[in-house]
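Below you'll find the structure, written out as structure tokens, and then a few comments.
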2 protein chains.
Amino acid sequence: MPDPPAGKQDVIFDTALRLFVERGFFGTPTSLISREAGIATGTLFFYFKTKEDLIDALYLRVKAEAAEAMNRGLDQETDAKAKLNRLGKNAVLFGLEHPEKMKFMEQFAHTPFISKSAREEGISRFFFLKDLIVQGIQEGQIRNLDPELLIFMMASSFSGLIARVGTATSPKEREIFVEQGLEFIWNGLAKKSSREPDRRKKTREYM
Amino acid sequence: MPDPPAGKQDVIFDTALRLFVERGFFGTPTSLISREAGIATGTLFFYFKTKEDLIDALYLRVKAEAAEAMNRGLDQETDAKAKLNRLGKNAVLFGLEHPEKMKFMEQFAHTPFISKSAREEGISRFFFLKDLIVQGIQEGQIRNLDPELLIFMMASSFSGLIARVGTATSPKEREIFVEQGLEFIWNGLAKKSSREPDRRKKTREYM
DNA sequence: TTGTAAATTGACTAGTCAGTCAATTGATTA
DNA sequence: TAATCAATTGACTGACTAGTCAATTTACAA
């Protein structure tokens, strides 16, 4: 069951999230949002100045929630590999528990309806990923490559993994996918053998 | 320079592609498409019965073009690793040469405006990926994991790589990103050491 | 109880949009 | 040349939309 919305704002958020994913931004009239949320049209515009304000706020909320979920319990792990493993499981769990929020982020990540400032603030919630990668490079567990690139690769891989896990037909299969997918990502990130910090000649210094 | 559009259909396709990426589906009135394409509104509806028909056709066209570009020259390579390397370079090249087509695919992959049948036909263009993966598993170069999962991971990784490569500030940096990104993907796919087909005890048979 | 401000309502406006269609133009063939 | 059909035009229609606002209700402090 969906978490019970507290106030009017939450009802509007939940309804708008569902409808935007189902029908797109311009495909969802504000009149429909308010009707489905059980409020009058005027009330929606009391809480959000415009339709754009609504989707900006929704976007920020979902991004913050996802970042929070992925970050959960990370500081209980010590080394980069353990942290990334936990991060990956958090991400998959979030994707499974909130499929419509995943779809929303995917659908509106590259869309012009979100203001530049909201998009930037949303991205900033995931800055902790960079610290994680850099830590792993310093500790010698992760290959000394461009950290931004590794973040892009990792993040996109997560989304591919979540998409595939969503098609699993049993909990057993789901578990297998998660395990294999996280292994894929770790193999992409990890230094081959050495447990020491990288001392090779470098074409470039990334940290 | 953009490839010169041949007939009216192509002009409409090119204009619609640009506007849909800039403004979204519902954010782009057919009147704007026809105006920018230099034709009358009626002409657009002569070539496409409805606005939905237009975006379906556009989606199919872009998907087919992308699949064709990625497949290019693959049969000149022999083993799976070489094929995947070529595939990756094709994909990155396509992404760099046709950024608006990439954005279009990303933006409309998870969108409800594309009909189910068009989406399925679009996906079918990429079936050759599965043959490639299965070949690699059989030859013992790729790990014996669920091929669908590997395709999802690989495809999403490509899109992450292309996104990052798009931010490169020099051809040199671009080259480095491509090299490192393809290495990430290959390490995710590849069997650790053995050059022989997998003979380990399996929890599951994937081919 | 009374007063005040916040919350809520929904009819309304000014504007926009997908798609139509009767009329015109262009190309091809007999 | 005449006849035929495909291509093209753009004014028009019926339907829909974001946002407004004057009126009403609710919450709550004095």
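Convention: sequence-line order gives letters A, B, ...; per-chain numbering from 1.
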For this session: Write down the distance between CZ (A:Phe46) and C1' (D:dT26), rounded to a whole number of angstrom.
Result: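 Computing the A:Phe46:CZ to D:dT26:C1' distance gives 12 Å.
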
Exercise. Whole-Å distance between D:dC21 P and A:Leu44 CG?
Worked result: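 It is 17 Å, rounded to the nearest whole Å.
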
Exercise. Using the benzene-type ring in the case of Trp, are the ring centres of B:Phe26 and B:Phe113 under 6.0 Å apart?
Worked result: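 So the answer is yes for these two rings.
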
Seminar exercise, completed: Scoring nucleotides 14-20 of chain C by protein non-hydrogen atoms under 4.0 Å (B base, S sugar-phosphate only, - none) yields ---SBBB

Exercise. In this structure, which one of A:Ser157, A:Ser156, A:Ser159 forms a side chain to side chain donor-acceptor pair (under 3.5 Å) with B:Ser157?
Worked result: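 Only one option passes, and that is A:Ser157.
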
Exercise. Is there a side-chain polar atom (N or O) of B:Tyr47 under 4.0 Å from OP1 or OP2 of D:dA7?
Worked result: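 So the side chain of B:Tyr47 is outside the cut-off, no N or O lying under 4.0 Å from OP1 or OP2 of D:dA7.
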
Exercise. Counting only side-chain N and O atoms of B:Lys8, is one of them less than 4.0 Å from OP1 or OP2 of D:dA7?
Worked result: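 Indeed not, no polar side-chain atom of B:Lys8 lies that close.
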
Exercise. So, B:Gln141 and B:Asp79: side-chain donor and acceptor under 3.5 Å apart, yes or no?
Worked result: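 Yes.
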
Problem set entry | Short N-O contact, A:Arg61 and A:Asp10, less than 4.0 angstrom |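 The answer is yes: the pair qualifies as a salt bridge.
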
Problem set entry | Lys/Arg-Asp/Glu bridge criterion (N-O < 4.0 Å) met for A:Glu77, A:Arg86 |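 Yes.
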
Exercise. A:Ser34 side chain to A:Thr30 main-chain N or O, any donor-acceptor pair under 3.5 Å?
Worked result: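 Such a contact is found between A:Ser34 side chain and A:Thr30 backbone.
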
